[in-house]
Each structure stands twice: as C-alpha cells, then as structure tokens.
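All remarks here apply to the structure that follows.
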Amino acid sequence: MFGVLAIDKPAGMTSRGVVNRVERMVKPHRVGHTGTLDPMATGVLLMAVGSATRLVEFSHLQSKSYEAEFLLGHSSDTLDTEGMVSAISGSRVLREQLFSELPHWLGHIDQTPPRFSAVHVGGKRAYELARRGNEFEVSPRTVEIQALELVEFTGTHFTLRIDCGTGTYIRSLGSDIAKRLGSDAVMSRLVRTRVGEINLASCVTLDVLQASTCVEQYLLAPNLLVASLPKVELDFQQAIQIRHGIPLALNIDCGGPLAAVDVHEELVAIIERRDGVYRSLRVFQKANATNQPSSNNSPHSPES
C-alpha cells in the first residue's frame, strides 16, 4: 500500500488510537498520522500508509481549516471544556466587539501553546509536566492565521471558522481573543474541516473502514501529502534515473524540496538541489493507481 487514508476522526479518541485501529486493518503496512487532533476534536485526520509514511515530515506545511465553538466568560487550565472550567464574574462581551476584534488576529501572530499540549519543553511533552504539577514555561512561537470568520454569537458562546498554518493551537486563539476583550473563553467543540486539498467530503469513518472488505479502495494519492511543495514533472528517462539514484540536471531552482512526478502524475521522489544538480531525498517505486479526493472543496479553502 502507498497512499493516504483520510479519516473523519470521532470524538473521544486520541490520534494515536486512530493509528492503532488503522494499523490493525492494514498490517503489516506501517501507518502514521500527519497532525494531532485532541481527543475531543473531530474531523480530518490523515493517515499515511505504507511508504507514504516517509512523506510525513514534508506534509506539515499544508494549511488547515477548522470550525470551533467557545464558551465565553469562562477559563480552564486546558483551555477547553475537558479541563477544570470556572466562570469569570462580571465578564461581558458584545457581538460587535468580537466582530471588530477578529481582523487584528489575521496574518502572523505570536502564540503561546497551552500547557496541556504536545509541545516539547526540556525534552518532555508539556502535558506530561502539567499533569505532574511541574512548574514550567511554554515559549511563544509565530503562527499564521489566514482567515477568521465569526459564524455565530449567542452571548454565552461564539463559533469561529479558521484557516491557519501549521502549529496553530485553536484553543489558545479563542482564549487570547477573548482576553483582549477583557474576558476569557474555553473551547467546547472543534472540527477540522480541511487539511491541504483534503476536506471532510473526502473522509471515511472508522466504522465504514472497518466494515470494508478492501481498505485499499479508500486510499488517496500520496501526492496529496506534499501538495504544498512545488511540483516538477519528469519524463520517462528522468524518472528512471532518479529512482536509480542518478542526479538530475534540471533548469529550475526553487530553493527547497520539490515533489517530482512522472507523466502519469504518480509521485516519483522528493528531490532537492545540491551542488548544482537535483538529488533524491525520498524515492518511491511505481505505485498502483489511487483514488483522488472529492472535488467538493470546503467553502473556506485555504489544533496542531
């Protein structure tokens, strides 16, 4: 197997738990996910299967879309309703205030990940330190918010649609926005609606996958994991060369890795320019044809 399974993750299951379920269905093939979703979250979770696991490190550049609901006027140690939630007295935010605040969060912003998160602090996961009651600081980092839309506001809850770059914590975003308005907010629902070119319409549930007699019918092209990389098409002879470890002299220079495909759009290799020629970082032998995702893209095309 060589491809991507787009799973509609159910609530209450860890991303690792989804990997374990899929591994049992496709063994002895390897499986890896391309971006963690919190247990309470649902939506698009991509499983790289077989040789596609070698593409995971190149997949993280893809943008993502979310729909998130927040409980306004409350705080939580985990920044969501899974933690210790408490009300903030005297806190009131108006719809007009929130609507006017959102444009200030577009572009590149500094964000501090939650203490209960998978980021590394001194070689340990932050959530492990937090659960032990250890004192530690999580360093802020720069993330990109590409689009931000207020979908609903009730006075006690608000819902946002978000397009963002890799590493963005949606829990932190909702809390930070509310704090700027003199309040706080905890995330009560999160749906990842898109990763790169793959949206919910392209996903399959674990139950449907488990009931299938042929998991391979749900495989999407491995190219979709590296859709954010510049692409170059190789002719027949060039594809043979790079698969045999022979460098290519291509008249292009993009300053980073390229996804090299053959004339049939099958992924041949990830290549990079070194010493004036293109050498392979990853090479893939000719694969069987795989399905393509639905063209019913999320209306907002472009939680770590």
Would you say the side-chain atoms of D77 pair up with the backbone N or O of M84, donor to acceptor, closer than 3.5 Å? yes
Using 4.0 Å as the upper bound for N to carboxylate O, is an ion pair formed by R171 and E82? no
Does one side chain, of Y278 or R273, offer a donor that lies under 3.5 Å from an acceptor on the other? no
Is the backbone of S65 close enough, under 3.5 Å, to the side chain of R161 for a donor and an acceptor to pair up by distance? no
So, do V49 and E216 sit near enough that their side-chain heavy atoms are less than 4.5 Å apart? no
Under the criterion side-chain hydrogen bond (donor to acceptor under 3.5 Å, both in side chains), I'd like the reasoning laid out for E69 against S188: C-alpha separation, chi angles, the key distance, then a yes or no. CA-CA 6 Å; E69 180 185 82; S188 53; 2.8 Å; yes
Has K9 got a side-chain atom pairing as donor or acceptor with A41's backbone, closer than 3.5 angstrom? yes
Quick check: does any side chain N or O of N223 sit under 3.5 Å from a backbone N or O of E265, one acting as donor and the other as acceptor? yes
Can you name the one residue among T81, T78, L190 that meets side chain to side chain contact (heavy atoms under 4.5 Å, CB included) with M40? T81
Judged by atom type as modelled, is there a donor-acceptor pair below 3.5 Å linking the side chain of S100 to the main-chain atoms of Q97? no
Start with the C-alpha gap between L234 and V261, add the side-chain angles, then the distance that decides, and say whether side-chain contact (heavy atoms from CB on, under 4.5 Å) holds. CA-CA 6 Å; L234 305 181; V261 300; over 6 Å; no
Between S59 (side chain only) and V56 (backbone N and O only), is there a donor and an acceptor less than 3.5 Å apart? yes
Say whether, by atom type as modelled, one donor and one acceptor occur between the side chain of S15 and the main chain of L37 under 3.5 angstrom. yes
If only side-chain N and O atoms count, and only distance matters, is there a donor-acceptor pair under 3.5 Å linking S280 with R243? no
Minimum heavy-atom separation for G174 and F158, please, with both atom names. O-CZ, 4.2 Å
Among the clusters formed by ILVMFWY side chains lying less than 4.5 Å apart, do L206 and L45 turn up in the same one? yes
Counting N and O atoms only, with roles assigned by atom type, does the side chain of T166 sit under 3.5 Å from a partner on the main chain of H60, one being a donor and the other an acceptor? yes
Does a donor on one side chain and an acceptor on the other come within less than 3.5 Å for D207 and T205? no
Counting only N and O atoms by type, is there a donor-acceptor contact under 3.5 Å from the side chain of R115 to the main-chain atoms of L129? no
Given side chains that start at C-beta, do those of F136 and K124 come closer than 4.5 Å, heavy atoms only? no
Can you check whether G196's main-chain N or O pairs, donor with acceptor, with R194's side chain at less than 3.5 Å? yes
State whether a side-chain donor-acceptor pair under 3.5 Å links N20 with R24. no
